[in-house]
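Below you'll find the structure, written out as structure tokens, and then a few comments.
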Amino acid sequence: MPKAPKSISQKDIFRISNKTFRESTQSTQYGHHSSHLLSLPSESLTHITSFLDPASLISLEETSRKLFEHVNDDNTWRRAFVCQFLGVSPENALNEVRALTFRLTERTWRREFVRRHTVRGLWSHSRNTALSHEPLPSSISVIHVMSDDALLSASVEYGIVARSLPFKNTVLKGYLNATGVPPGLRNGNPNADFSPNVSACALTSDGYTAKVLWGKRDGSVSIVSHPHTTSKGQAPVRVNTSDVGQEHGDAVLDGTWATNADAFVTAGSDGRVKVWSVEPFRCAWTSERHLLGLEVDAILKVVEDLANGLVVAASRSGDIIIFSGLDQDIQKFCISTRTFSISDVESTPIPQPLEILALYLQASSPTKLSILSCYRDKSHFYRCSVDVVSRQVDVKTFGDTAFGTIRCIRPVFSDDPAEPSFVIAGTQLGFVSIYDWDATSLSGDPHPASRHIDVFADAHVTSLAMNSFVIIAGSSRGAIKVLDLLTFETLTSFTALVNGDDCDVRQIGFTGNALMVSVGSKILAWRAGHFGSGGKGPVKTKGKGRRESHGKWFRRVEIEIRDEIAEYNEYLEDESYRWKRSSDPEREQLMQLRALGLSEQEAVEYALMLSRDEELQRLQSCAGGHVHEEGVFDCDESSGQQSGSDRSSPPSSSPTDYYSPPPSLRPLTSGSSSSSHGRLVPLASPSTSNIKVQVLPRFHPEPKEAGGLVGSLPDSQPVLAQGSSSFSPTRSHSQPLLGQATLRATPQKPVHGGGGTSSLGKHNAWNKPLPGVSSAASTPAPVVLPVTSGSGMHWGAEAERIRRVEDLELRFALELSLAEAQSRESIQAAGGT
């Protein structure tokens, strides 16, 4: 009987599968079975591999021997590089490839492709946040990045240089100042290090030693050298100051360090250029004074190539002055930028001077050089090719007016014919233009750009920087963008948050993958790179190390966010404190007035009355108890005979013996008053006496809001005597000026029931009715104080009566205010119930 088949276990299935896989692998490896990929010709295989990235190519070479040999060919990597970075398809010939901005950085195409692909990934996939700090209290003029990622930030306004570590968000204590007083470091107070006489500054470094060049308004020059400037300890500072005989005749406008930092060049308003040596510190050479006609033409910009003995300067009039042969026979000639031809130094004045924006020098030999000059608010820049021996100048114009004026420019010069020189310019419309510096053409038209890249749509480009891999552009709105140097694709972008109107990106500096940008008074630091799966660099970690690395990153971000929140809270507290200081006194004053039942207008009226009383008391104290008013003089003795009542009065020996009362206190009659501005104006009657009389000036109506002066009458309003219904003053005295006068202590405007509106239609504190009193009852009874007339009356007693009247007026005003306050409280209480 046949046996039943045995059941196949899972172990047997796994053994059979592994055996079949090994057999198939061996047969494929030794050529028993050929795949379709390996059967393709090498040209087709190169076309396929041109679209693979470096990681895919490295994985492909590990699959078979044929593919290993194909990928190891350097031509395969070159094809892949030009296809992905330069946009050249595999069908095109390689001799037709000419990238204007390409610079070979490695010896093989494989290493070049891997490095550029890695750098582009670091810049485009970086998740690092930008760190900002404020090293100086004013706008930053110049920055310099040192080799250890330290930063020097200079302020020409304050005359100080700050040292900081941007990626540690640390500002080192102390400043490198321009005072020239050792040790050059202070306690970190910018007010103590303030140097207002600084006009120019240039920074450089020699390893860990910082070097600062200061040019001052008085023409003096000084350099500050600080070794180990980033260390915590304050190393001694070396300060060198120029001698008086070697200084400029006027302010120093520009300065630049030599390449090896052992010399520097300065230019000043005196039209001279000076070359200085550091060891020993002295002026090695001084140029002749550059003149424009009979006037001095100041030098605004200077560049140097001391290795070839060349110095090029740009004057305020727009001329370019070339000094050659500094090491042997010095020669000088001037190029006029209007005609771009060699002209004499004593040239005619140019009507429209051009302000220099940028000046660069490329010297292929001591006798042949090229000068790039760009002027402010112009759409073109110029290339001046100069032969010093034959004194020939060839000028070429570059630019395009359709893209706006040039705001910043940066050249890249190369002496290798295989690597062409090019110029990158940032325009007003936000474009970055690439120009071929070595371009030649027979026509005289400006040479256009090879490429225009629209970088900023809403701002103009203010600064540019580049290296062999990327271009960095800054805008007038504080935005920064990083572009690939070959493909011009945007790799990353970020914006500096700056309060105020100063948002221009002034200068960009970076070393390697570290980027530092100055915006106003702040420094923005950012490093290219991404966190791997471990969270710390591209190296992957597992387990506890991975968690710790992520934790460090989150703690750092948390600290940065916490610091920003604390800074913003301090800003809010300061704003709240300033607002309270400005608003609390006003609020307290209004509350006090409300407690007294007074409005602001009533308080002003009360203050006016008090000031009037103080002024009267001051006049009395100055006159020794007697007041003399203007307009009183002694009459001529021969003008007439005195009356009997006047002869008994003492003579007028001094102008302060008698007091002449105000005209409004004198008795008014039909013959002693006139109308002015709708009011009765008292006039003085002729007198035959030789005593002092009052000469009335032109009548000016007194302000009514404060109740007027004592004795001023309203518009034809009669003065009521106490206990009588009417009163009309009559002229029954022989002396109208010294006769009986009526002093009243009544408010000037009648109180009308209901509205409380004066005759002028203005709100007044005197015309408000008392609460609970009718209109007739609320009208206060006038107080009439009779004055006894007498020929020999002393008017000091009259002043005392006037003060009594004013006291009555003040008491009446206070009673009105108190009654009004009580009325308001009663109305509010009735409304609440």
Side-chain angles (χ1 to χ4, degrees), residues 52-57 77 80-87 99-106 109-132 143 145 147 149 151 166-167 408 410 412 422 424 426 430-432 434 451 453-456 461-475 477-496 505 507-519 523-540 553 556-557 560:
L52 299 179
D53 58 356
S56 300
L57 287 174
W77 293 91
F81 176 81
V82 298
C83 179
Q84 299 183 32
F85 282 94
L86 304 181
L100 184 62
T101 58
F102 173 66
R103 297 290 186 272
L104 187 64
T105 59
E106 298 292 341
W109 288 103
R110 175 171 182 162
R111 295 172 62 91
E112 183 75 21
F113 188 27
V114 172
R115 183 177 182 183
R116 287 191 178 271
H117 190 274
T118 303
V119 170
R120 185 168 64 176
L122 291 177
W123 286 90
S124 59
H125 299 96
S126 177
R127 294 181 296 177
N128 294 343
T129 58
L131 305 177
S132 64
I143 64 173
V145 182
S147 58
D149 292 343
L151 184 68
F167 294 102
C408 56
R410 182 76 61 178
V412 178
F422 62 94
I424 299 180
F431 285 84
V432 172
I434 312 296
R451 181 82 178 263
I453 305 102
D454 190 2
V455 182
F456 302 107
V461 183
T462 58
S463 60
L464 288 170
M466 72 190 75
N467 60 5
S468 301
F469 304 100
V470 295
I471 301 174
I472 305 172
S475 73
R477 293 181 178 268
I480 300 99
K481 285 190 177 182
V482 181
L483 310 176
D484 190 279
L485 186 60
L486 300 180
T487 63
F488 304 108
E489 298 177 357
T490 301
L491 302 180
T492 185
S493 63
F494 45 90
T495 305
V505 178
Q507 193 173 354
I508 302 174
F510 64 97
T511 56
N513 296 333
L515 173 65
M516 302 176 195
V517 180
S518 66
V519 184
I523 293 294
L524 200 66
W526 185 80
R527 188 188 297 275
H530 61 83
F531 292 97
S533 60
K536 185 178 181 180
V539 181
K540 296 181 179 180
W553 182 81
R556 187 182 69 178
V557 174
E560 294 174 0

Looking at Ser518 and Gln507, would you say the former's side chain and the latter's main chain have a donor-acceptor pair under 3.5 Å?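 Yes, the answer is positive, given that a donor and an acceptor are paired below the 3.5 Å cut-off.
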
Checking the side chain of Thr462 only, and the main-chain atoms of Gly474 only, is there a donor and an acceptor separated by less than 3.5 Å?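 Yes, the answer is positive, given that a donor and an acceptor are paired below the 3.5 Å cut-off.
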
For the residue pair [X] and [Y], what are the closest heavy atoms and their distance?
X: Asn467; Y: Gly512; result: ND2-O, 4.0 Å
X: Leu464; Y: Gly426; result: CD1-N, 3.6 Å
X: Gly430; Y: Asp454; result: O-OD1, 3.9 Å
X: Val432; Y: Ala473; result: CG2-CB, 4.5 Å
X: Leu131; Y: Pro166; result: CD1-O, 4.0 Å

With sequence neighbours left out, write down each residue that passes side chain to side chain contact (heavy atoms under 4.5 Å, CB included) with [X], or none if nothing qualifies.
X: Thr101; result: Phe422, Ile434, Leu485, Leu486, Phe488
X: Ala514; result: Asp149, Phe167, Thr511, Arg527
X: Ser463; result: Val505, Ile508
X: Leu52; result: Thr49, Ser56, Leu57, Leu60

Pairing residues for Ser147 by the side-chain hydrogen bond (donor to acceptor under 3.5 Å, both in side chains) criterion, not counting sequence neighbours: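 With neighbours one apart ignored, the set is empty.
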
For Thr105, enumerate each residue passing the side-chain hydrogen bond (donor to acceptor under 3.5 Å, both in side chains) test, keeping only those at least two apart in sequence or located in another chain.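 Checked Thr105 against side-chain hydrogen bond (donor to acceptor under 3.5 Å, both in side chains); matches are Glu112.
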
According to salt bridge (Lys or Arg N to Asp or Glu O under 4.0 Å), who are the partners of Glu106, at least two apart in sequence or on a separate chain?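 Arg111, Arg115.
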
Can you name the residues that form a salt bridge (Lys or Arg N to Asp or Glu O under 4.0 Å) with Arg451, not counting sequence neighbours?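 For Arg451, no residue satisfies salt bridge (Lys or Arg N to Asp or Glu O under 4.0 Å) once neighbours in sequence are set aside.
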
Looking at [atom1] of [X] and [atom2] of [Y], how far apart are the two atoms once the value is rounded to the nearest 0.5 Å?
X: Thr129; Y: Phe494; atom1: OG1; atom2: CZ; value: 11.0 Å
X: Asn128; Y: Leu515; atom1: CG; atom2: CG; value: 11.5 Å
X: Arg120; Y: Leu491; atom1: CZ; atom2: CG; value: 7.5 Å

With sequence neighbours excluded, tell me which residues meet ring-ring contact (aromatic ring centres under 6.0 Å, His included) with Phe469.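 Once residues adjacent in sequence are excluded, Phe469 has no partner under the ring-ring contact (aromatic ring centres under 6.0 Å, His included) criterion.
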
Taking ring-ring contact (aromatic ring centres under 6.0 Å, His included) as the definition, give me every residue that meets it alongside Phe510, ordered by chain and number, with sequence neighbours left out.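 For Phe510, no residue satisfies ring-ring contact (aromatic ring centres under 6.0 Å, His included) once neighbours in sequence are set aside.
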
Contact between Leu151 and Ile143 at the side-chain level, heavy atoms closer than 4.5 Å - yes or no?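 Touching, per the 4.5 Å side-chain cut-off.
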
Let's go through Trp526 and Val517 carefully: what are the C-alpha distance in whole Å and the side-chain angles of both, what is the deciding distance for side chain to side chain contact (heavy atoms under 4.5 Å, CB included) to 0.1 Å, and is it a yes or a no? CA-CA 9 Å; Trp526 185 80; Val517 180; over 6 Å; no

Hey, what's the ring geometry for Trp77 with Phe113, parallel, tilted or perpendicular (30° and 60° as the breaks)?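 Plane angle over 60°, so perpendicular.
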
Enumerate the residue pairs fulfilling side-chain hydrogen bond (donor to acceptor under 3.5 Å, both in side chains) with a member in residues 477-488, sequence neighbours excluded, ordered by first and then second residue.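 Sorted result for residues 477-488: Asp484-Thr487.
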
